[in-house]
2 protein chains.
Amino acid sequence: MVQFVHPSIEDITLTGVLSALADPMRLRIVVSMTEKNDCMSCSEAAPCSSMAKSTLSHHFRILREAGIIRTVKVGVENRNVLRSEDINNRFPGLLNEILKYAN
Amino acid sequence: MVQFVHPSIEDITLTGVLSALADPMRLRIVVSMTEKNDCMSCSEAAPCSSMAKSTLSHHFRILREAGIIRTVKVGVENRNVLRSEDINNRFPGLLNEILKYAN
DNA sequence: TCAATAGTTCAATTATATTGAACTATTGAA
DNA sequence: TTCAATAGTTCAATATAATTGAACTATTGA
């Protein structure tokens with residue numbers, strides 16, 4: 001049984017968030033999640049079909065451990081949501097400012 | 001004679017800026033440059049004295065190639081300035097938003 | 001029961017970061 | 001003019017992180 005580790009709000013760091021968003025693929029994942037504004041499976045939010053699923057899994061882990069997404073396994077798939085509220089509490093305005101220029 | 005390469009404004013990328021600022025040491029360099037609000041030599045802006053100068057040189061190169069600082073060699077030292085105006089033209093508000101939460 | 005689905009984990013390879021050592025260029029003093 | 005000191009760069013070696021294929025786990029639905 002896979003259990004995911006998520007940082008609490010106070011453990012979200014600036015450089016952690018920046019590192020996570022400093023990758024074009026992860027930025028695209030986050031952008032597609034803001035557009036959907038709902039849970040997305042990993043494959044649904046995949047930035048491109050050519051990426052190996054182990055790489056995709058790695059990127060989701062980075063986003064998760066930076067505190068940017070929350071992942072829950074439901075049935076056979078993972079349901080990922082943006083932790084917009086948490087990030088906005090921790091760093092008000094930051095995420096929107098970055099996403100303003102993403103894509 | 002060392003000649004430094006700087007990207008033009010339109011070649012500054014979001015992920016480039018985020019990658020450059022996603023490192024705690026580079027973030028401290030940038031913060032100390034905003035506090036000084038003037039040219040700083042590499043060693044003057046060094047985030048800690050224990051860092052090898054080759055590592056420091058590497059960090060300044062990353063910042064330079066991301067378009068965050070401009071470097072000119074004057075005499076024996078490098079004079080580094082933040083390209084605040086350029087970054088603000090390219091991504092209005094982004095740099096201030098990030099620096100708001102730095103350190 | 002068993003194949004399909006959705007993802008994780010592992011091990012190997014590739015790429016990036018860190019550092020000491022050797023180098024370059026400039027200055028200032030003897 | 002020589003030469004040591006200063007301020008950095010570059011190089012080669014090592015250490016750390018990213019990418020991927022292959023094997024694995026867990027869940028569902030036929």
Side-chain angles (χ1 to χ4, degrees), chain A residues 1-7 13 15-30 32-33 36 38-81, chain B residues 1-6 13 15-30 32-33 36 38-66 68-81:
Chain A
M1 173 78 184
V2 184
Q3 271 298 82
F4 298 112
V5 177
H6 298 90
T13 66
T15 50
V17 170
L18 295 181
S19 299
L21 299 179
D23 178 278
M25 292 302 142
R26 288 196 291 268
L27 207 46
R28 285 172 62 178
I29 292 173
V30 172
S32 66
M33 290 181 76
K36 186 87 188 299
D38 193 16
C39 285
M40 283 180 100
S41 69
C42 295
S43 44
E44 194 181 0
C48 61
S49 53
S50 60
M51 178 180 285
K53 59 182 183 169
S54 50
T55 308
L56 188 61
S57 182
H58 165 73
H59 285 313
F60 273 92
R61 171 197 273 259
I62 299 284
L63 290 171
R64 191 160 53 234
E65 294 182 351
I68 292 172
I69 63 172
R70 190 177 293 281
T71 307
V72 178
K73 185 165 185 180
V74 176
V76 77
E77 71 181 19
N78 289 358
R79 327 217 81 196
N80 300 286
V81 273
Chain B
M1 172 79 183
V2 184
Q3 272 298 79
F4 298 113
V5 177
H6 299 90
T13 66
T15 51
V17 169
L18 295 180
S19 299
L21 299 179
D23 179 277
M25 293 301 141
R26 289 196 290 268
L27 207 47
R28 284 172 62 179
I29 292 174
V30 171
S32 66
M33 291 182 75
K36 186 88 187 300
D38 193 17
C39 285
M40 285 181 99
S41 69
C42 294
S43 44
E44 195 180 359
C48 62
S49 53
S50 60
M51 178 180 286
K53 57 182 182 168
S54 50
T55 309
L56 188 60
S57 182
H58 163 75
H59 284 314
F60 273 91
R61 171 197 272 261
I62 299 283
L63 289 172
R64 191 160 51 235
E65 295 182 350
I68 291 172
I69 63 172
R70 190 176 294 280
T71 308
V72 177
K73 185 166 187 180
V74 176
V76 77
E77 71 181 19
N78 288 358
R79 327 218 81 196
N80 301 285
V81 274

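Note on naming: letters A, B, ... go to the chains in the order of the sequence lines (proteins, then strands), and numbering restarts at 1 for each one. Keep in mind that what you see is a predicted model, and the values were worked out from it rather than measured.
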Quick check for you: among D:dT10, C:dA25, C:dG7, whose closest atom lies nearest to any side-chain atom of A:S57? C:dG7
Residues A:H6 and A:I69: closest non-hydrogen pair is CD2-O, 3.6 Å
Contact summary for B:I68 and B:A20, nearest pair of heavy atoms: CD1-CB, 3.5 Å
Check: B:K53 main-chain N/O paired with B:S57 side-chain donor or acceptor under 3.5 Å: no
Heavy atoms only: give me the nearest B:T15-A:A22 pair and the separation to one decimal. CB-O, 3.6 Å
To the nearest Å, how far apart are B:M40 CE and D:dA7 P? 14 Å
Quick one: A:E77 CD to C:dT8 C1', roughly how many Å, whole number? 15 Å
Rounding to an integer number of Å, can you tell me how far B:F60 CZ sits from C:dT19 C1'? 17 Å
Length of the CZ-P vector between B:F4 and D:dA7, whole Å: 15 Å
Got a list of protein N/O to nucleotides 13-20 of chain D N/O distances below 3.5 Å?
| unit_1 | atom_1 | unit_2 | atom_2 | d |
| --- | --- | --- | --- | --- |
| D:dT19 | OP2 | A:H59 | NE2 | 3.2 |
| D:dT20 | OP2 | A:T55 | OG1 | 3.0 |

How would you list, by chain and number, every residue that makes a salt bridge (Lys or Arg N to Asp or Glu O under 4.0 Å) with B:K36, sequence neighbours excluded? B:E44
Taking the nucleotide of DNA chain D with the nearest heavy atom to each, does B:V76 or A:V74 sit closer to the 5' end? B:V76
Would one find a side-chain N or O of A:R61 under 4.0 angstrom from OP1 or OP2 of C:dT9? yes
Separation of A:N78 atom CG from C:dA6 atom C1', in whole Å? 7 Å
Any donor and acceptor pair, going by atom type alone, linking the side chain of B:N80 with main-chain N or O of B:T71 inside 3.5 Å? no
Hey, does B:P47 have a side-chain heavy atom less than 4.5 Å from the side chain of B:L56? yes
Quick check: closest heavy atoms across B:E65 and B:V5, and the distance to 0.1 Å? CG-O, 4.5 Å
Taking Watson-Crick and G-U wobble pairs with both distances under 3.5 Å, convert DNA chain C into its dot-bracket string, 5' to 3', dots for unpaired and | for cross-strand pairs. ||||||||||||||||||||||||||||||
Exercise: identify the closest heavy-atom pair between A:L27 and A:L21: CD1-O, 3.7 Å
Separation of D:dA7 atom P from B:K73 atom NZ, nearest Å, is 12 Å
